Amino acid sequence: MEINTIRNVVVVGAGTMGHAIAQVYAQHGFDVFLIDLDQKMLDHAIIMIKSNLGLLLEHNKLREEMISILNRIHISTNIEGSASNADLAIEVVNEVPEIKRRVFKQLDKFCAQDTILVSNTSGLNIFEIADVSYPQRLIIHHWFCPAYIMPSVEIAPGPSTSSEVINLSVQLMKILGKKPIVLNEFIDNFIVNRIQRVIMVQVWEMIQKGWATPEQIDYAVKTVLGVRLPVQGIVQSQDFTGLDLILDKQKEFRTNKRYPQIQELVEQGNLGVKSGKGFYNYGDRTELEVLRKRDELCLKMLDYLEQLRLFEPL
Ligand SMILES: NC(=O)c1ccc[n+]([C@@H]2O[C@H](COP(=O)([O-])OP(=O)(O)OC[C@H]3O[C@@H](n4cnc5c(N)ncnc54)[C@H](O)[C@@H]3O)[C@@H](O)[C@H]2O)c1
């Protein structure tokens with residue numbers, strides 16, 4: 001299948017994510033058939049899409065008139081009629097395995113055999129849930145909310161997904177102006193939700209035990225991680241801390257988990273920024289040069305966040 005033969009997109013589920021994914025496809029010239037069981041959800045989806053497009057228009061982010069985009073979105077409660085013409089069918093229904101299984105059964109029945117089948121699950125193993133005739137055409141595209149703003153989409157292939165479908169998925173995301181992150185294989189919850197899950201375990205415990213208030217936690221996150229992470233990411237932050245220190249801290253942790261990769265790096269003398277190499281290679285730049293660049297970017301981030309008054313709750 002060639003990328004330019006993908007014209008008709010069916011989006012099943014018109015809720016928080018479905019309406020927005022449908023909107024992004026329509027914004028980029030695709031004909032979209034947005035399906036829901038509930039006519040009220042479909043009507044509400046159109047109201048939301050109009051409001052989202054209005055915002056994008058105000059910020060000069062639309063390439064054409066709103067009306068042309070809206071004309072490419074067709075709503076329906078009839079999955080059969082829309083799925084039979086679909087080049088791409090995206091499941092965006094509730095995160096309940098049985099509901100998703102039923103939708104994929106319908107898509108398998110009504111779609112052509114070369115239709116690419118996509119799930120927007122937040123982390124379920126759709127490859128075990130969906131019983132489809134052509135599993136080589138099944139893939140996960142995990143979007144983030146709000147889908148018409150967030151730049152990345154995680155792409156997770158299953159054990160039978162063809163390389164053609166992975167490549168087409170990457171090309172599609174680029175056409176939509178997204179930055180695809182392709183996982184080597186399916187892992188539950190992918191990258192971002194895996195990280196968020198660990199964070200939330202700690203956050204719920206702090207709130208539950210009265211160690212910190214929600215306001216204190218959000219303030220700490222915004223004023224520390226919110227400044228640092230956009231500049232350094234999470235892994236590169238370890239390079240700035242120093243991998244020798246990270247290793248010492250790991251030894252202190254009350255856990256049996258050890259990560260030999262860090263030990264190996266330290267044994268090789270790769271301690272991070274201070275030695276010129278850690279997880280990242282800093283080439284022939286000196287430690288001072290790298291730290292200066294980090295500091296300049298952090299200062300700009302800080303100014304920008306303060307200017308937007310982002311340390312206050314929304
Ligand atoms: N909400 C988020 O921030 C977010 C982010 C990323 C991924 N996701 C994932 O996206 C999926 C949808 O989440 P959501 O938040 O949009 O859910 P939602 O509850 O807002 O919407 C789900 C929609 O699916 C419809 N639906 C249910 N069964 C259907 C069927 N058989 N046919 C047609 N429509 C049907 C419902 O009527 C509802 O309108 C989930 O898998 C979720 O994990 C959600």
Side-chain angles (χ1 to χ4, degrees), residues 59-61 144-146 149-154 173-174 177-183 190-203 205-207 211-253 255 257-314:
H59 289 260
N60 291 323
K61 300 284 185 197
F144 295 94
C145 189
I149 296 178
M150 297 301 280
S152 293
V153 176
E154 291 173 323
M173 288 308 133
K174 289 185 177 166
K178 297 294 175 190
K179 301 178 195 309
I181 301 167
V182 185
L183 278 77
F190 323 122
I191 298 175
V192 176
N193 285 350
R194 256 179 122 83
I195 294 170
Q196 285 192 149
R197 192 174 53 181
V198 179
I199 291 175
M200 289 320 296
V201 169
Q202 298 296 329
V203 167
E205 186 179 16
M206 287 189 281
I207 295 175
W211 294 338
T213 65
E215 291 78 11
Q216 285 173 318
I217 294 169
D218 282 338
Y219 189 74
V221 167
K222 286 183 179 193
T223 54
V224 181
L225 300 182
V227 180
R228 188 192 280 160
L229 290 190
V231 176
Q232 301 177 175
I234 287 188
V235 182
Q236 200 169 25
S237 283
Q238 312 302 301
D239 273 0
F240 280 93
T241 302
L243 298 186
D244 46 346
L245 175 61
I246 301 291
L247 191 64
D248 289 343
K249 276 195 191 169
Q250 267 189 15
K251 287 180 189 153
E252 264 175 44
F253 283 166
T255 164
K257 282 200 178 163
R258 290 281 176 268
Y259 302 96
Q261 200 183 356
I262 298 179
Q263 176 125 24
E264 272 168 36
L265 284 166
V266 171
E267 281 168 6
Q268 290 158 2
N270 296 321
L271 308 180
V273 176
K274 61 186 167 191
S275 70
K277 194 172 173 205
F279 282 101
Y280 289 77
N281 193 339
Y282 300 90
D284 50 14
R285 286 180 294 165
T286 65
E287 181 187 11
L288 274 183
E289 284 171 330
V290 179
L291 291 180
R292 191 175 174 90
K293 182 169 181 195
R294 189 263 324 256
D295 290 353
E296 278 170 356
L297 291 170
C298 281
L299 282 169
K300 282 188 188 160
M301 273 300 298
L302 195 53
D303 279 350
Y304 195 56
L305 294 173
E306 273 175 346
Q307 187 190 323
L308 296 177
R309 303 168 70 106
L310 277 182
F311 296 145
E312 296 166 17
L314 289 184

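The structure displayed is predicted, hence computed values, not measured ones.
Of the listed residues (E289, Q232, R228), just one forms a side chain to side chain contact (heavy atoms under 4.5 Å, CB included) with R294, and that residue is Q232.
With a 6.0 Å radius and a threshold of 12 heavy atoms from other residues, nucleotides or ligands, Y219 has its OH atom at or below the threshold. With a 6.0 Å radius and a threshold of 12 heavy atoms from other residues, nucleotides or ligands, K277 has its NZ atom at or below the threshold. For R197, the CZ atom sits in a packed shell: over 12 heavy atoms of surrounding residues, nucleotides or ligands are nearer than 6.0 Å. Heavy-atom contacts from other residues, nucleotides or ligands closer than 6.0 Å to CD of E267 number more than 12.
Minimum heavy-atom separation, L243 to Q238: CD2-O, 3.6 Å. The nearest pair of heavy atoms linking V192 to E154 is N-OE2, 3.0 Å. Residues M301 and P230 come closest through the heavy atom pair CE-CG, 3.6 Å. Closest non-hydrogen pair, C298 versus V227, comes out as O-CG1, 3.9 Å. The minimum heavy-atom distance linking I217 with A212 is given by the pair CG1-CB, 3.8 Å.
No side-chain donor-acceptor contact under 3.5 Å links Q268 and E264.
Separating the CD1 atom in I246 from the CG atom in L271 is a distance of 11.5 Å, to the nearest 0.5 Å. The CD1 atom of I181 lies 5.5 Å from the CD1 atom of I191; values are rounded to the nearest 0.5 Å. Interatomic distance, OG1 of T241 versus NZ of K249, reported as 6.0 Å (0.5 Å rounding). The CD1 atom of I262 sits 11.0 Å away from atom CG of L245, with the distance rounded to the nearest 0.5 Å.
Under the 4.5 Å side-chain criterion, counting only non-hydrogen atoms from C-beta, V290 is in contact with F240. Proximity of T213 to I207: side-chain heavy atoms (C-beta onward) are nowhere separated by under 4.5 Å. Looking only at side-chain heavy atoms (C-beta outward), Y282 and E287 stay at 4.5 Å or farther from each other. Counting heavy atoms from C-beta on, the side chains of Y259 and L265 never come closer than 4.5 Å. When side chains are defined from C-beta on, L302 counts as touching F311, because their heavy atoms get closer than 4.5 Å.
Judged as a side chain to side chain contact (heavy atoms under 4.5 Å, CB included), and not counting sequence neighbours, the contacts of N193 are S122, H142, N189, Q196.
Here the side chain of K179 pairs no donor or acceptor atom with the backbone of M173 at under 3.5 angstrom. With hydrogens and angles ignored, the 3.5 Å screen pairs a side-chain donor or acceptor of K222 with a backbone N or O of E312. Put simply, the side chain of Q236 never gets that close to the backbone of Y280: no donor and acceptor are under 3.5 Å apart.
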| message | Could you walk me through whether K293 and R285 satisfy the side chain to side chain contact (heavy atoms under 4.5 Å, CB included) test, starting with their C-alpha distance in whole Å, then the side-chain angles of each, then the deciding distance to 0.1 Å, before giving a yes or no? | response | CA-CA 11 Å; K293 182 169 181 195; R285 286 180 294 165; 4.2 Å; yes
